[in-house]
Amino acid sequence: QVQLVESGGGLVQAGGSLRLSCAASVRTFSTYTMGWFRQAPGEEREFVAAISWSGGSTYYAHYADSVKGRFTISRDNAKNTVYLRMNSLKPEDTAVYYCAADPDPSVVRTLDYDYWGQGTQVTVSS
């Protein structure tokens, strides 16, 4: 089925930046909804950002309020890859970040995605 491979996590100081990447093994990547989620120790997994297909070459980006203005989601359909650029990182951004995929655009902002990556650790030091 669909395989998701994440990269780009690591340790960064507060105020710094990281870019996460998620490569998807799927034949119809351009029509898939792609999302980023995160889970801190002792916390439930939460929505971070998503990008969904709206028809043709049109896509719609969605963000959690906590990351608006700091994080940017994008996709490169030629590479079957979705990115999450994280700027102005804060210690509270520390979490395991997960990539997710689903052919249904209705799943945005939910935890109902059909496919999930293994997660990559992001640690922000103060």
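What you see below is based on every heavy atom in this structure, not just the backbone, and it leaves out hydrogens, waters and symmetry mates.
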Closest non-hydrogen atom pair, L4 against A101: CD1-N, 3.9 Å
Non-hydrogen atoms of S126 and A14 that approach each other most closely: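 Shortest heavy-atom separation between S126 and A14 comes out as CA-CB, 4.3 Å.
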N-O pairing of D93 and K90 below 4.0 Å: no
Say whether [X] and [Y] are linked into one hydrophobic cluster, either directly or through other cluster members, by side-chain heavy-atom distances under 4.5 angstrom.
X: F47; Y: W53; answer: no
X: W36; Y: V5; answer: no
X: V82; Y: V108; answer: no
X: L89; Y: Y83; answer: no
X: V122; Y: M34; answer: yes

Does a side chain donor of either [X] or [Y] reach within less than 3.5 Å of an acceptor in the other side chain?
X: Q1; Y: Y115; result: yes
X: S17; Y: N87; result: yes
X: Y97; Y: R38; result: yes

Measuring only between side-chain heavy atoms, which start at C-beta, is [X] closer than 4.5 Å to [Y]?
X: P103; Y: D114; value: yes
X: R109; Y: H62; value: yes
X: S30; Y: Y59; value: yes

Geometric cation-pi criterion, R75 with F29: 6.0 Å, 45°: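 Ring-cation test returns yes.
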When rounded to the nearest 0.5 angstrom, what is the spacing between [atom1] in [X] and [atom2] in [Y]?
X: Q3; Y: Q118; atom1: CD; atom2: CD; answer: 10.5 Å
X: Y63; Y: I73; atom1: OH; atom2: CD1; answer: 6.5 Å
X: C99; Y: L84; atom1: SG; atom2: CG; answer: 9.5 Å
X: S125; Y: Q13; atom1: OG; atom2: CD; answer: 5.0 Å
X: F71; Y: L20; atom1: CZ; atom2: CG; answer: 8.0 Å
X: D102; Y: S52; atom1: CG; atom2: OG; answer: 11.0 Å

Measure from the side-chain N and O atoms of [X] to the backbone N and O of [Y], and report whether any donor-acceptor pair falls under 3.5 Å.
X: T81; Y: K79; value: yes
X: T94; Y: V124; value: yes
X: Y32; Y: V26; value: no
X: R70; Y: S88; value: yes

Aromatic ring pairing W116/Y98, orientation class (parallel under 30°, perpendicular over 60°, tilted between): perpendicular
Pair Y113-F37, ring-ring contact (aromatic ring centres under 6.0 Å, His included): steps then yes or no: CA-CA 11 Å; Y113 288 68; F37 298 78; 5.2 Å; yes
